[in-house]
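Presented below is the structure to which this report refers.
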Amino acid sequence: MPSGNLLSRRKRSWRANELVSRSTLQLLDFDDGSPPEHAWSRKLSSHANRLKEFNVTFREAIRMMKLGLRLWSYIREEASHGRKAPIDPFTRESNRPSASQGVPLGGMGSGSISRGFRGEFKHWQITPGYCEMSPVMANQFSIFVTRGRNKKYASVLAPGQLDGLQKSSDDGISSWDWKLKGDHSTYHALFPRAWTVYDGEPDPELKVSCRQISPFIPHNYEESSLPTSVFVYTLVNTGKERAKVSLLMTWANSIGGLSHHTGGHVNEPFIGENGVSGVLLHHKTANNNPPVTFAIAACENQNVNVTVLPVFGLSGESSVTAREMWGTMVQDGSFDRDNFNAGVSMPSSLGDTVCAAVSASTWVEPHGRCTVVFALAWSAPKVKFKKGSTYYRRYTKFYGTSPRSAVNLVQDALMKYKHWEEEIDKWQTPILRDERLPEWYKITLFNELYFLVAGGTIWIDSEYLVVDADNKSNSSPIEDGDSPLNDSTCNSTVPQIGFDPHEIDDKENVGKFLYLEGIEYFMWCTYDVHFYASFALLDLFPKIELSIQRDFARAVLREDKSRVRFLADGAWGIRKVIGAVAHDLGAHNPWHELNAYNIHDTSRWKDLNPKFVLQIYRDFAATGDMSFGKDVWPAVCTAMEYMEQFDRDGDGMIENDGFPDQTYDAWTVQGVSAYCGCLWLAALQATAALARSLGHDDYAERCMIRFAKAKSVFEARLWNGSYFNYDSGTSYKSRSIQADQLAGQWYTASSGLPPLFEEDRIKCTLQKIFDYNVMRVKGGRMGAVNGMHPNGKVDETCMQSREIWTGVTYSLAATMLLHGMEHQAFTTAEGIYIAGWSEEGYGYWFQTPEAWTVDGHYRSLIYMRPLAIWGMQQALSPPMSILKAPKVNAMDRAHISPGTFQFLQDSVRKMTPKNGCFGNTVFNWDC
């Protein structure tokens with residue numbers, strides 16, 4: 001447990017009052033229009049530099065040549081079937097990534113749209129697994145101000161130097177006024193909200209704040225699934241003249257890329273309830289993907305007048321062009337109210353782009369204030385996977401399956417957003433007001449959650465996942481082609497307590513949830529990475545976390561004998577082995593066709609099964625859900641029995657097999673390894689604790705006997721006096737200092753279990769990692785490098801040994817916190833903030849990559865693992881069920897008999913090496 005002295009270090013992030021004048025903040029602070037004190041901030045005029053991607057070395061390229069050729073062939077084969085390969089390092093986006101990201105829009109799992117900090121709508125992920133990174137430049141907010149007869153101001157509320165604008169010079173939007181420089185406009189982000197303050201731009205006497213709100217509300221499993229966002233404009237007139245202000249929202253009938261050119265798209269105006277009105281944009285998707293309907297709307301009241309232009313085009317052939325639309329707004333500040341009677345437009349022609357506009361106009365008196373509210377929703381009720389399965393999204397449980405539910409979504413968003421903000425404030429305020437915590441940590445903790453929206457998340461209604469014992473659907477998916485489960489009953493002698501491997505249910509009653517490993521690694525719920533990221537779900541949406549664990553528990557007892565070629569060595573094997581924890585829940589037919597990953601045969605990996613057991617016990621301990629523990633117990637036993645084959649010499653400790661058989665899938669490991677061995681020790685103890693809780697005392701005793709044997713072997717083979725060697729090999733690289741070597745201890749401490757090793761050894765190891773892996777890389781300003789040689793040089797054995805993994809750095813910091821090393825913990829994690837999020841860093845905000853090199857070049861943007869920062873938060877504020885658990889020693893927890901206990905003590909004393917980090921130490925079971 002950490003102490004109360006948490007130290008803030010180094011340069012803090014910009015506060016709102018350092019970028020915006022205090023007087024402006026005070027003026028805007030009447031309807032939450034003023035940004036919070038703690039937020040990630042940038043000026044809109046900030047340069048969005050291009051991001052630099054890593055390159056493999058010549059030696060690495062030669063070593064991976066055969067893998068590359070097989071991967072290239074596999075990618076082409078998948079493309080011939082219209083499918084995306086899970087990993088494709090050869091295809092590059094035409095629009096190179098830049099440091100321009102901001103808070104994404106909407107709740108979880110219904111398709112996402114990101115919004116850059118300068119205002120552009122980009123990173124479209126409406127179709128599962130596909131991300132269109134380019135912005136749609138017609139999607140904008142604009143402002144028109146008239147004062148008296150002669151003063152007029154008009155501008156798009158985005159800098160005129162935005163990427164993509166020049167490419168659109170012939171489509172009409174270049175005729176708009178792009179006058180905003182951004183020098184006096186700032187962006188402030190605290191997920192799930194963002195504020196943009198226009199401090200006298202474009203009208204020097206008008207202060208404007210746009211507050212972006214999305215319904216990401218912890219423990220709310222309804223509204224957090226909604227595909228909608230609200231934009232609240234706060235207007236303050238500091239001048240002496242009355243000002244007519246018109247705000248304009250324009251939107252293209254597009255889901256990114258060139259989708260707006262495919263034809264067949266229609267728009268229609270609507271008038272809803274409670275003063276809500278706007279335009280529906282019905283988008284006909286290509287490649288037989290389900291349709292999407294957008295709704296853009298504003299709320300009319302006695303002070304605000306809402307009008308619409310249902311259709312305008314981006315070419316001279318349109319009936320109303322973008323240039324003409326803009327001219328109307330400059331002249332009148334509104335559209336003809338008869339436009340609400342226009343009805344459904346004619347379908348767009350191939351190659352044409354159709355857009356819509358909503359205007360909200362108001363008068364602001366001298367020194368007066370006004371609020372104007374817009375909303376955006378997108379209704380994509382069906383989610384279709386490439387191999388045929390189609391389901392309804394989670395939000396349809398509450399809004400129905402009609403695409404026109406977009407109207408109800410924007411109506412409710414405009415009526416309920418204040419309640420959403422109240423709930424968000426209740427969640428965030430205790431952390432933000434905790435003066436023990438560094439400012440950068442508070443900001444980054446919340447902003448890293450962007451991934452649960454922008455990480456390709458899919459959240460479906462569970463009604464369409466019930467499968468009967470005959471493997472035929474009781475309630476069929478929406479369309480034909482859904483493959484039934486191809487399960488085989490496990491032959492394990494473990495009793496199948498309340499568990500049917502053929503059943504796909506929803507015992508948590510929250511539907512089914514998927515999220516990608518990363519937008520470049522197309523695999524759902526990659527489990528070795530979820531191991532790090534799952535702390536966020538456990539804290540904020542624990543029922544989703546338990547649901548995912550149930551999915552993997554069922555998968556343990558499944559078999560899929562379909563043949564798969566593993567690309568690393570070209571060998572053939574079967575897709576899924578009974579007892580092996582799945583690497584992922586699939587790609588193009590999730591839940592049904594597991595293990596999309598095919599670089600290595602993950603049934604031979606040594607970390608997946610222990611990670612499964614550790615996550616199960618942590619979740620069981622954190623939630624106290626006894627039914628969950630009972631339901632997954634057979635899978636836990638099966639997973640542990642499966643691992644016995646990897647104990648080659650019967651000494652209780654598993655051995656690695658001389659290839660990258662764990663999450664570091666390019667880093668070879670041989671024999672007993674620090675990473676997998678520590679996970680195995682932790683899994684044995686966790687299994688014993690779970691068994692004891694469920695009344696299986698004999699099983700618990702067997703686990704602890706094996707734990708004692710394995711522990712003594714682990715320490716004898718790997719402990720060198722100051723840390724655990726990378727593995728038990730004899731080469732120099734086997735002595736590498738691995739940043740992640742205590743991953744098992746991280747989970748052990750997070751779950752309230754006794755430590756795996758003496759506290760002195762744990763702290764000694766963590767200090768060694770801090771001194772070498774952290775502080776010897778740019779003075780601790782980059783995070784923790786994965787591998788470091790004892791001579792202080794970065795381990796360049798392979799690509800991954802020389803990388804800094806963002807999520808691993810956060811998990812390392814969490815381990816430090818759990819062992820009272822607060823200074824080292826926050827210094828370590830702050831390196832990720834400095835390199836990734838700060839203004840002096842490399843520009844990875846809201847797209848935190850899996851890794852970067854010591855020179856800041858990234859690999860795999862928008863990645864799952866950095867959610868591990870929530871492991872730090874759990875270390876700081878553990879679940880009450882863990883805090884209240886009785887503190888007993890390891891043997892009592894496992895219910896070891898006195899005779900066995902004495903035997904283990906004697907055995908361990910004989911086998912434990914005497915050298916220690918802080919002098920001679922004595923092994924002691926009492927933790």
Side-chain angles (χ1 to χ4, degrees), residues 49-64 67-68 87-90 92-93 96-99 101 444 448 517-521 529 532 599 660 663-668 675 726 733 736-740 769-789 791-813 827-866 868-869:
N49 58 288
R50 296 292 183 184
L51 304 181
K52 296 180 180 180
E53 191 171 9
F54 88 107
N55 290 306
V56 297
T57 65
F58 178 76
R59 184 179 64 178
E60 291 165 351
I62 294 298
R63 188 184 304 148
M64 295 189 292
L67 166 62
I87 300 174
D88 181 0
F90 305 109
R92 289 289 178 266
E93 291 282 343
R96 285 180 56 200
S98 64
Q101 288 295 93
T444 312
E448 288 284 17
E517 178 178 337
I519 60 168
E520 297 178 34
Y521 295 157
V529 185
Y532 299 84
I599 303 297
T663 194
Y664 298 89
D665 58 353
W667 197 355
T668 298
Y675 183 68
Y726 176 68
K733 66 182 181 181
S736 184
I737 307 165
Q738 185 180 14
D740 210 6
I769 296 169
F770 178 75
D771 290 341
Y772 281 72
N773 301 59
V774 177
M775 296 309 295
R776 295 202 180 194
V777 180
K778 301 288 180 69
R781 302 173 72 82
M782 297 287 291
V785 70
N786 284 337
M788 178 71 77
H789 289 303
N791 64 3
K793 293 184 178 180
V794 172
D795 184 347
E796 297 191 354
T797 300
C798 68
M799 172 185 74
Q800 291 173 341
S801 65
R802 61 183 172 88
E803 288 180 327
I804 294 158
W805 283 14
T806 52
V808 167
T809 299
Y810 286 141
S811 70
L812 171 62
T827 300
T828 296
E830 190 181 10
I832 301 301
Y833 167 79
I834 292 171
W837 289 83
S838 76
E839 197 155 23
E840 62 189 87
Y842 299 101
Y844 296 130
W845 45 81
F846 300 102
Q847 51 189 333
T848 315
E850 153 76 317
W852 52 63
T853 58
V854 294
D855 56 1
H857 294 193
Y858 76 88
R859 178 170 62 82
S860 185
L861 293 172
I862 310 182
Y863 195 78
M864 180 198 295
R865 206 184 314 253
I869 192 173

Inset, instruction - Taking the side chain as every heavy atom from C-beta outward, state whether Tyr858 and Pro97 have any atom pair closer than 4.5 Å. - result: yes
Inset, instruction - Please work out whether the ring planes of Phe846 and Trp837 are parallel, tilted or perpendicular, with thresholds of 30° and 60°. - result: perpendicular
Inset, instruction - State whether a side-chain donor-acceptor pair under 3.5 Å links Tyr664 with Asp740. - result: yes
Legend entry - Spacing of Ser860 atom OG and Glu520 atom CD [to the nearest 0.5 Å]: 4.5 Å
Inset, instruction - Check whether any side-chain N or O of Arg96 sits under 3.5 Å from a backbone N or O of Arg50 as a donor-acceptor pair, and report yes or no. - result: no
Legend entry - Distance-only donor-acceptor check, side chains Asn791 and Tyr772, under 3.5 Å: no
Inset, instruction - Can you see which heavy atom on Cys798 is nearest to which on Glu60, and at what distance? - result: C-OE2, 3.2 Å
Legend entry - Criterion side-chain contact (heavy atoms from CB on, under 4.5 Å) on Asp795 and Asn786, from CA distance to verdict: CA-CA 8 Å; Asp795 184 347; Asn786 284 337; over 6 Å; no
Inset, instruction - Could you pull out the closest heavy-atom pair between Asn49 and Tyr842, with the gap in Å? - result: ND2-O, 3.7 Å
Legend entry - Backbone of His857 reached by a side-chain donor or acceptor of Thr853 within 3.5 Å: yes
Inset, instruction - Would you name the heavy atoms of Tyr532 and Gly807 that are closest together and state the gap between them? - result: CD2-O, 4.3 Å
Inset, instruction - Hey, could you give me the CD1/OG distance between Ile832 and Ser838, rounded to the nearest 0.5 Å? - result: 11.5 Å
Inset, instruction - List the steps and the verdict of side-chain contact (heavy atoms from CB on, under 4.5 Å) for Met788 and Arg776. - result: CA-CA 9 Å; Met788 178 71 77; Arg776 295 202 180 194; 4.1 Å; yes
Legend entry - Trp845-Gln847 side chain donor-acceptor pair, cut-off 3.5 Å: no
Inset, instruction - Working to the nearest 0.5 Å, report the span between CZ of Arg802 and CD of Glu796. - result: 6.5 Å
Inset, instruction - State, to 0.1 Å, how close Ile769 and Ala739 come at their nearest heavy-atom pair, and which atoms those are. - result: CD1-O, 3.7 Å
Inset, instruction - Measure the shortest side-chain to side-chain distance between Ser736 and Trp667 over non-hydrogen atoms and say whether it is less than 4.5 angstrom. - result: yes
Legend entry - Residues Arg781, Glu840: salt bridge by 4.0 Å N-O rule: yes
Inset, instruction - Could you walk me through whether Tyr675 and Thr663 pass side-chain contact (heavy atoms from CB on, under 4.5 Å), step by step? - result: CA-CA 10 Å; Tyr675 183 68; Thr663 194; 3.4 Å; yes
Inset, instruction - Please examine the side chains of Glu850 and Arg865, heavy atoms only from C-beta on, and report whether any two atoms are closer than 4.5 Å. - result: yes
Legend entry - Atom pair CD (Glu517) and CD1 (Ile862), whose distance is rounded to the nearest 0.5 Å: 13.5 Å
Inset, instruction - Answer whether the closest heavy-atom distance between the side chains of Tyr844 and Pro849 falls below 4.5 Å. - result: yes
Legend entry - Side-chain heavy-atom pair Glu803, Trp852 within 4.5 angstrom cut-off: no
Inset, instruction - Decide whether Glu448 and Thr848 meet the rule of one side-chain donor and one side-chain acceptor closer than 3.5 Å. - result: yes
Legend entry - Working for side-chain contact (heavy atoms from CB on, under 4.5 Å), residues Met799 and Phe54: CA-CA 10 Å; Met799 172 185 74; Phe54 88 107; 3.2 Å; yes
Inset, instruction - Could you tell me the separation between the OG1 atom of Thr828 and the CE atom of Met782, rounded to the nearest 0.5 Å? - result: 14.0 Å
Inset, instruction - Report yes if the side chains of Arg859 and Gln800 come closer than 4.5 Å at any heavy-atom pair, otherwise no. - result: yes
Legend entry - Minimum heavy-atom distance Ser811-Ala868, with the two atoms named: N-CB, 4.3 Å
Legend entry - Main-chain N/O of Val854 paired with Lys778 side-chain donor or acceptor, under 3.5 Å: yes
Inset, instruction - Measure the spacing between CG of Asn773 and NE2 of His789 and express it to the nearest 0.5 Å. - result: 11.0 Å
Inset, instruction - Answer yes or no: is there a side-chain heavy-atom contact under 4.5 Å between Gln738 and Val785? - result: no
Inset, instruction - Find out whether Ile804 and Thr809 are in side-chain contact, i.e. whether some heavy atom of one side chain is under 4.5 Å from a heavy atom of the other. - result: yes
